[in-house]
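To start, the structure itself, in structure tokens.
These values consider heavy atoms only, across backbone and side chains, with no hydrogens, waters or symmetry-generated copies. All chains are named by letter (A, B, ...) in the order of the sequence lines, taking the proteins before the strands, and each is independently numbered beginning at 1.
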Amino acid sequence: MYRASRGTQDILPQEQDYWRYVQRTAEELCRRFGYQRIDTPVFESADLFVRGVGDATDIVIKEMYTFEDRGGEQLTLRPEGTAPVCRAYLERGMASLPQPVRLHYFCPIFRYERPQAGRYRQHHQFGIEAIGDAGPAIDAEVIQLGWLLVATLGLKGASLKVNTIGDPSCRPTYLQELRSYYQARLASLCPDCQARYHRNPLRLLDCKQQTCQPHILEAPRSADHLCPDCQRHWTSLQQYLEELDLPFQVEPRLVRGLDYYARTVFEVQPQEEGSQSTLVGGGRYDGLIQALGGRPTPGIGFGAGLERLVLNLRSQQVPVPAVIPRPVVVAHQGKEADPRGAQVATQLRQHGISVLVAPSSRSLRAQMRYASSMNARFVVILGEAELARGVLTVRDMDQAHQQELTLEQATSLLSLAAGPATGQ
RNA sequence: GUGAGCGUAGCCCAGCGGUCAAGGCGCCAGGCUGUGGCCCUGGAGAUCGAGGGUUCGAAUCCCUCCGCUCACCCCA
């Protein structure tokens, strides 16, 4: 038997309510903030991600789904959302639009990782990008939208972590500082951290090992080693966040894994202290567009994991609107009534009513059971007696009451009770 | 890539060396032949993840592989 590939999953009908809820909530926020939708291809030139995300990142080193197509091109299934949007910004001349350009997207993301709770090889992200504005006010706007997403969904206990990691003019100095601090302590670090020291010193700061925690507490902080420009940006951003009443916490240990981040980084973390503790993650990427061959252009954005949002909605039992309507079921009996049932269904559907025709060649009893299990509010019964008299029996399943009506009468009754306007 | 746990019908699961692998949910049918939700009865559905081994005999013990889950790395 075939199975879904490791790390992929089917989103079944009974789970769609959550997904729909998250998407609608996110779309509505984007509408209010003026972030327009963009869709980019699921695959792109592999080089876009190598250059954009950084050839030293885990994503590029070991997580990309890259393949050669029949024309010999190296293509990669999108492992993150920002680089493709920036590519589109450059390719489609969005630099000549009024700046900043505000965009949002929903898309599948592919990374070759070992799956675990809240982590998949194919997952889905909602994300936004604000490209072409270097000021801290837009940082605050993006962070606010990320926070409002989680808050509006109704998730409790989430926290907003913000940090700055400097820019190319001050980060090298800071990294040197960090390295020399850790150099003396190398021997007492966990094996992972010893590797990080060489490979990616910033990562030393968010090690989860108990033994490394004391070192982290006293480590030099990037926020204390900013150049004047970064310092101004950082101070100003915090003022904006306060004025927007965002409950943010400065988290000196917060770093992000993609090379393109500069200055502002932030995350929204869920109440559950699990390992997958990022619901929303993002930051500023002022060097990215230039790295992709464009004029120097600032940008900031975030990605939100839809699976993780849904997971948390479920575990917190947040009520979400049901999208499956209560249908009308057409029950029918007899050779002549069978085809007539489909005609009645067609007529009702033309009036926007959700209609299921009961499986034929079942007893009326079985068809009524079927209607019950489909959660039908009304059943239209069409048998020989109805056919002979040119009427329909319409049964209200909740009231356990039925009446004979003409097709016209039934249509108007059911339109009122089960039509698209009521939704239920 | 590393470590741990687990694999019995669509789902939840009992059985833990010995007759045709039990139960619940769900599904289908019937309960006087035109009427649901409860209840009752019946039915379909499992090569007990796969392969090999031990044994007179294995779902039950051993080995290998595969898969799933969780954690690390890292990330949404």
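- Looking only at side-chain heavy atoms (C-beta outward), A:Gln238 and A:His233 stay at 4.5 Å or farther from each other.
- In this structure, A:Gln116 does not reach the B:C70 phosphate: none of its side-chain N or O atoms is under 4.0 Å from OP1 or OP2.
- Contact check on A:Asp398 versus A:Arg326 returns a salt bridge, with a Lys/Arg side-chain nitrogen under 4.0 Å from an Asp/Glu carboxylate oxygen.
- Among the atoms of the strands shown, base atoms are found under 4.0 Å from some heavy atom of A:Ala385.
- B:A50 and B:A21 have their P atoms separated by 16 Å, given to the nearest Å.
- Rounded to a whole angstrom, the distance from the P atom of B:A58 to that of B:G67 is 28 Å.
- In summary, A:Glu113 and A:Lys62 do not engage in a salt bridge, as defined by a charged side-chain N under 4.0 Å from a carboxylate O.
- RNA chain B lies under 4.0 Å from at least one heavy atom of each of the following residues of residues 50-68 of chain A: A:Asp58, A:Lys62, A:Glu63.
- Between B:G30 and A:Ser363, a contact under 4.0 Å exists linking OP1 or OP2 to a side-chain N or O.
- Nucleotides B:U35 and B:G30 place their P atoms 12 Å apart, quoted to the nearest Å.
- Look at A:Arg196 and you'll find a side-chain N or O under 4.0 angstrom from OP1 or OP2 of B:C74.
- Residue A:Arg3 has no polar side-chain atom (N or O) positioned under 4.0 Å from OP1 or OP2 of B:G67.
- Straight-line distance between the P atoms of B:A9 and B:A14: roughly 12 Å, to the nearest whole Å.
- Neither OP1 nor OP2 of B:G1 sits under 4.0 Å from any side-chain N or O of A:Arg114.
- Residue A:Gln9 is out of contact with every strand shown, counting any heavy-atom pair closer than 4.0 Å.
- The C1' atoms of B:G17 and B:C61 are separated by 8 Å, rounded to the nearest whole Å.
- Close to B:A76, at under 4.0 Å from its OP1 or OP2, lies no side-chain N or O of A:Gln125.
- Looking at A:Ser372, its side chain has no donor and acceptor atom pair within 3.5 Å of the base of B:G37.
- Using the six-membered ring where Trp is involved, A:Phe266 and A:Phe302 have ring planes that are perpendicular, over 60° apart on the 30 and 60° scheme.
- Side-chain atoms of A:Tyr174 come within 3.5 Å of backbone N or O of A:Pro220 as a donor-acceptor pair.
- Contacts of A:Glu384 with the nucleic acid, taken as non-hydrogen atoms under 4.0 Å apart, include base atoms.
- Residues A:Arg253 and A:Asp206 are not paired through a salt bridge, judged by the lack of any N-O separation under 4.0 Å between the basic side chain and the carboxylate.
- Put simply, the side chain of A:Gln402 and the base of B:U35 share a donor and an acceptor less than 3.5 Å apart.
- Rounded to a whole angstrom, the distance from the P atom of B:C68 to that of B:C11 is 15 Å.
- Comparing B:G15 with B:A76, their C1' atoms are spaced 43 Å from each other, to the whole Å.
- Between the side chain of A:Arg362 and the base of B:G36, no donor-acceptor pair of N or O atoms lies under 3.5 Å.
- B:C66 and B:C25: their P atoms are spaced 39 Å apart (whole Å).
- For the pair A:Arg340 and A:Asp338, the salt-bridge criterion is not met [side-chain N within less than 4.0 Å of a carboxylate O].
- When atom types are taken as modelled, the side chain of A:Arg171 and the backbone of A:Ile165 share a donor-acceptor pair closer than 3.5 angstrom.
- Listed pair A:Arg369 / B:U35 fails the phosphate criterion, with no side-chain N or O lying under 4.0 Å from OP1 or OP2.
- Counting only Watson-Crick and G-U wobble pairs whose two key distances fall under 3.5 Å, RNA chain B forms stems of three or more stacked pairs at B:1-7 with B:66-72, B:10-12 with B:23-25, B:27-31 with B:39-43, B:49-53 with B:61-65.
- At the phosphate of B:C74, neither OP1 nor OP2 sits under 4.0 Å from any side-chain N or O atom of A:Arg256.
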